[in-house]
Amino acid sequence: MSMEMNFDGLVGPTHNYAGLSRGNIASSVHKGRVSNPRAAALQGLDKMEAVMGLGLPQGFLPPHDAPRVGFLRKLGFTGSDADILALALKANPALLANVSSASSMWTANAATVSPAADTADGRVHFTPANLLSMPHRALEHGLTTRMLRRIFADDQHFCVHDALPMNPMLGDEGAANHNRLCTDHGSEGLEVFVHGRAALSPSDDDPTFPARQTLESTHAIASRHGLTRAQFVRQNPAAIDAGAFHNDVVCVTNADTMLYHETAFETPDALEDRLTRACEPLGFTPRFARADMPIGDAISSYVFNSQLLSLPGGGAKKEMALILPSHVEETPSAKAYVDGLIADGVIRQAHYFDLKQSMSNGGGPACLRLRVVLGEEARAAVHSGVVLDETKIDRLRGWVREHYRDRLELSDLADPDFLIETRTALDALTQIMDLPGLYDFQRTAA
Ligand code: SUG
C-alpha cells in the first residue's frame, strides 16, 4: 500500500533571524532578534515524533552547512576561513547573513514531488527548487539535489532531476506551491500547480511583494515529471501582498480535501468548479473548506500552514488529522475554523505544537516538511539513515543538545569557533545518517 511519508527539515545550528525574506512578514518583523537554534531543532523533532506517533512514516533531511565559506571564496574573499568570515562581516553584514541562513529547514521548498501514480514512467519524480527569488535561498539547490540523489538513489523507483535553470522566468519554490487531489495517495491524482506571476506575460495587477513562483516554472516541472493531469492556478496578488509569499500559507490539500482561505485565489467559485471537473475522470469529487476569517489572522496564525494527514487505519472513512502551530490556539477566528472542521467531520483530530522558533521566520508545520508518496518497495529503497524511529529521534535530540547553541546573534556568525562547531556537528550527523562525505567541507580540507 502507498503511504505519504514526511521528510522534515532538521533545523541547522545557524538558525537565526536576519530578516532576509521581503514579503514574509514574520521574517521582517523578527529581524535582529536573538535566536535559539537548540530550541528550534528540538521543537522540530517533537513535531516529527508526534507525526510518527500517529502511525505514519517519518524521515528527515539534514541541514545545509553554513556559513558557506566556499561561496564567499567565489566572490573573491581570500585567506583562512576565519579571515573570510571577518572580511565578509566587515564588507557587508547582510552578505554574511545570507550565506549563513539555516533556511533549508523549510523542506516544503526543497523540491516538487510527483508520486509514481501520476508520472509517465511510474517513478517518483523530484525537481529540486531553484529558489532563485531570494539570495539566501538560491544557495540551497546544489546540496539539496545531492542530498536527494543519495537518499532516493534507486533509479528504479526515483528520478531526481536537476533544479530548473537559474533564469528569472523559472523561479520555483517547490512543494510549497503544489497541491495534489486524489482519492487515496497511491491512486492517480490531480496535481495543482500554483504560481504568483507569469514571467513572460507580466500583468498590471502583479503584486508588490515578490511573487516567487512563475507560471513558466510550473509548466516545465509538469512536463519533465511526465504528468498527464495538471492544473495551473494563479495566486491572488492580494494574498501575496497580505503576506502569503507561498500558497501553503493560505491553502492545504490532502487526498480529496482542500482547506483554503477565500483570499488565496482570485475567483474561488470558478476554481472549485474547474478542479471538480478535472477530478471527474479520476472518479471522485473533491471537498473544499473555504474560510472567511480575516486574512491577517490566517497569516499571523498560520492555520493553513498545517499538515493535513490521513490517519492510518481510517479505512473507508479516510479520517484526517491537522498538525497546527500553537499560534492558532491564540487566534480566536482561526481556532473557530479548526473547531468547525472537527464539528463538520472534515477532520477528526487537531494537534497543536510550539514551533515558535521556526514560526518567527515564517515557517510553520507545513513549511518544515516535504511530502513523498511511496509504495512499499519504494519505501524500502529510501536511504534508511534518514528514516526515523524512537531510537533515532533520541539520538538526534542528544546530538542537538551536544552541539547546538541556545542563543545566536548575527555577530556570532563571524566567530571562527562557531564555524568549527557547526562543522563538527554536521560531521557527527553524517555518521548518524550514514551519509559520509555529504558536505563540501568533508571533501576538501576543512
Ligand atoms: O523562504 N523564511 C523562509 C520561510 C519559508 C516558509 N516555507 C513555506 N511557506 N513553505 C522564506 O521566506 C527567513 C530567513 C531570515 O529572515 O533569516 C526565511 O528564509
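Basis for what follows: all heavy atoms, side chains included, without hydrogens, waters or symmetry-related copies. Order of appearance sets the numbers: ligands from 1, and atoms from 1 within every ligand.
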Enquirer: Could you pull out all residues at least two apart from K356 that satisfy salt bridge (charged side-chain N to carboxylate O under 4.0 Å, His left out)?
Expert: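 Counting only residues at least two positions away or on another chain, K356 forms a salt bridge (charged side-chain N to carboxylate O under 4.0 Å, His left out) with D354.
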Enquirer: Before giving the answer on side-chain hydrogen bond (donor to acceptor under 3.5 Å, both in side chains), spell out for R287 and T257 the whole-Å C-alpha distance, their side-chain angles and the decisive distance to 0.1 Å.
Expert: CA-CA 5 Å; R287 297 189 296 173; T257 303; 2.9 Å; yes
Enquirer: Please verify the inter-ring angle class for H125 with H225; under 30° counts as parallel, over 60° as perpendicular, anything in between as tilted.
Expert: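 Taking H225 first and then H125, their aromatic rings sit tilted (interplane angle of 30° to 60°).
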Enquirer: Below 3.5 Å only, please: the N or O atoms of ligand 1 paired with protein N or O atoms, distance on each line.
Expert:
unit_1	atom_1	unit_2	atom_2	d
ligand 1	1 (O)	R137	NH1	2.9
ligand 1	1 (O)	R212	NH1	2.9
ligand 1	2 (N)	N24	ND2	3.3
ligand 1	2 (N)	N361	O	3.0
ligand 1	7 (N)	N109	OD1	3.0
ligand 1	7 (N)	H246	ND1	3.4
ligand 1	9 (N)	H246	ND1	2.9
ligand 1	9 (N)	D248	OD1	2.8
ligand 1	10 (N)	D248	OD1	3.4
ligand 1	10 (N)	D248	OD2	2.8
ligand 1	12 (O)	S21	OG	2.8
ligand 1	12 (O)	N24	ND2	2.9
ligand 1	12 (O)	R212	NH2	2.8
ligand 1	16 (O)	G19	N	3.1
ligand 1	16 (O)	L20	N	2.7
ligand 1	16 (O)	S27	OG	2.8
ligand 1	16 (O)	N361	OD1	3.4
ligand 1	17 (O)	A18	N	3.0
ligand 1	19 (O)	S21	OG	3.3
ligand 1	19 (O)	H136	NE2	2.7

Enquirer: Applying salt bridge (charged side-chain N to carboxylate O under 4.0 Å, His left out), can you list everything that pairs with E216, at least two apart in sequence or on another chain?
Expert: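 With sequence neighbours excluded, E216 shows a salt bridge (charged side-chain N to carboxylate O under 4.0 Å, His left out) to no residue whatsoever.
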Enquirer: Check for me whether R123 meets the cation-pi criterion with F158, that is, NZ or CZ under 6.0 Å from the six-membered ring centre and within 45 degrees of the ring axis.
Expert: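 Negative - R123 is either too far from the ring of F158 or too far off its axis.
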Enquirer: For E421, check salt bridge (charged side-chain N to carboxylate O under 4.0 Å, His left out) against everything at least two apart and list the hits.
Expert: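 Result, salt bridge (charged side-chain N to carboxylate O under 4.0 Å, His left out) vs E421: R405.
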